[in-house]
Participant: 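Take a look at this one; I'll ask things after.
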Amino acid sequence: MVGDDINDAPALASANVGIAMGAQGSAISAEAADMVLLVDDVTRVRYAIEIGRKTVQIAKQSIFVGLGASFICMVIASFGLIPPTLGALLQEVFDVCVILNSLRAR
């Protein structure tokens, strides 16, 4: 649901995703919405959806790669092939890589 006025607030609150047009819209609709566009241009909704999809894709990628690499290293470490200090260092490297990957969403 996309709206910008007081009468849109109930629909924005009950929608799966509520988007308020914030430049000239009311504060009540902005409070009820999940997202607020700061310009009153409905064509920006498509751009916001694209950003959201890209963000979710990057987040899933970071989760699966980070957990996968950690799991593989834990299995190797369980056989005693990786000392604990190296394991801790590798975990920090994985964490930094995940953070750097998440910066792509910006």
Side-chain angles (χ1 to χ4, degrees):
M1 170 67 185
V2 178
D4 67 345
D5 207 3
I6 291 175
N7 61 341
D8 296 328
L12 288 169
S14 64
N16 287 336
V17 177
I19 302 174
M21 307 298 280
Q24 300 296 326
S26 72
I28 295 173
S29 63
E31 185 69 29
D34 298 310
M35 176 191 313
V36 178
L37 294 178
L38 298 178
V39 292
D40 285 336
D41 183 9
V42 75
T43 60
R44 299 286 179 107
V45 172
R46 182 178 69 90
Y47 183 63
I49 291 171
E50 289 173 5
I51 290 172
R53 286 183 178 158
K54 183 179 177 184
T55 302
V56 169
Q57 177 187 10
I58 291 171
K60 286 180 181 178
Q61 181 185 48
S62 292
I63 290 169
F64 291 129
V65 170
L67 288 177
S70 293
F71 178 75
I72 289 170
C73 284
M74 281 190 277
V75 170
I76 294 171
S78 69
F79 292 110
L81 300 174
I82 298 177
T85 54
L86 180 61
L89 180 65
L90 284 173
Q91 183 61 48
E92 295 305 316
V93 169
F94 297 151
D95 292 343
V96 169
C97 289
V98 166
I99 290 169
L100 292 175
N101 186 44
S102 68
L103 291 176
R104 291 187 313 133
R106 193 172 131 71

Participant: Assess the side chains of R104 and Q61: does a donor N or O sit below 3.5 Å from an acceptor N or O?
Facilitator: yes
Participant: Could you pull out the closest heavy-atom pair between M21 and D41, with the gap in Å?
Facilitator: CE-N, 3.2 Å
Participant: For S78, give me all partners under side chain to side chain donor-acceptor pair (under 3.5 Å), at least two apart in sequence or on another chain.
Facilitator: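 Per chain and number, S78 pairs via side chain to side chain donor-acceptor pair (under 3.5 Å) with no residue.
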Participant: First locate atom CZ of R44, then atom CD1 of I49, and finally report the distance between them rounded to the nearest 0.5 Å.
Facilitator: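 Going from CZ on R44 over to CD1 on I49, the span is 14.0 Å.
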Participant: Step through the shown structure and confirm whether more than 12 heavy atoms of other residues, nucleotides or ligands are within 6.0 Å of CD on E31.
Facilitator: no
Participant: Look up atom CG in L67 and atom CZ in F94, then write down how far apart they are to the nearest 0.5 Å.
Facilitator: 11.0 Å
Participant: Quick one: closest heavy-atom pair of A9 and A32, and the distance?
Facilitator: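 Where A9 meets A32 most closely, the heavy atoms are O-CB, 3.5 Å.
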Participant: Does the side chain of V42 reach to within under 4.5 Å of the side chain of V45, using non-hydrogen atoms?
Facilitator: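 Yes, at least one pair of side-chain atoms sits under 4.5 Å.
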Participant: Are I72 and I82 connected, step by step, through hydrophobic side chains (Ile, Leu, Val, Met, Phe, Trp, Tyr) whose heavy atoms are closer than 4.5 Å?
Facilitator: yes
Participant: What's the separation between atom CG in L90 and atom CE in M74, rounded to the nearest 0.5 Å?
Facilitator: 12.0 Å
Participant: Using the rule that Ile, Leu, Val, Met, Phe, Trp and Tyr join whenever any side-chain heavy atoms are under 4.5 Å apart, tell me whether L103 and I51 fall into a single cluster.
Facilitator: no
Participant: Taking only Lys NZ, Arg NE, NH1 and NH2, and the carboxylate oxygens of Asp or Glu, determine whether R46 and E50 approach each other closer than 4.0 Å.
Facilitator: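 Yes, charged N to carboxylate O under 4.0 Å.
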Participant: Going by the side chain to side chain contact (heavy atoms under 4.5 Å, CB included) test, name the single residue among I19, L12, L37 that passes it with V2.
Facilitator: I19
Participant: State the CD1-CG distance between I76 and L86, to the nearest 0.5 angstrom.
Facilitator: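 That separation rounds to 10.5 Å.
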Participant: Is a donor from one side chain sitting under 3.5 angstrom from an acceptor on the other, for S62 and N101?
Facilitator: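 Short answer, yes.
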Participant: Determine whether M1 and V17 make a side-chain contact, defined as any pair of heavy atoms from C-beta on separated by less than 4.5 Å.
Facilitator: no
Participant: Can V65 be reached from L100 by stepping across I, L, V, M, F, W or Y side chains whose heavy atoms are under 4.5 Å apart?
Facilitator: no
Participant: Looking at CG of D34 and CG of N16, how far apart are the two atoms once the value is rounded to the nearest 0.5 Å?
Facilitator: 9.0 Å
Participant: Under a single-linkage definition using a 4.5 Å side-chain heavy-atom cutoff for Ile, Leu, Val, Met, Phe, Trp and Tyr, are F71 and L81 assigned to the same hydrophobic cluster?
Facilitator: yes
Participant: Kindly compute the distance separating CD1 (I6) from OG (S29), expressed to the nearest 0.5 Å.
Facilitator: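 It comes to 8.0 Å.
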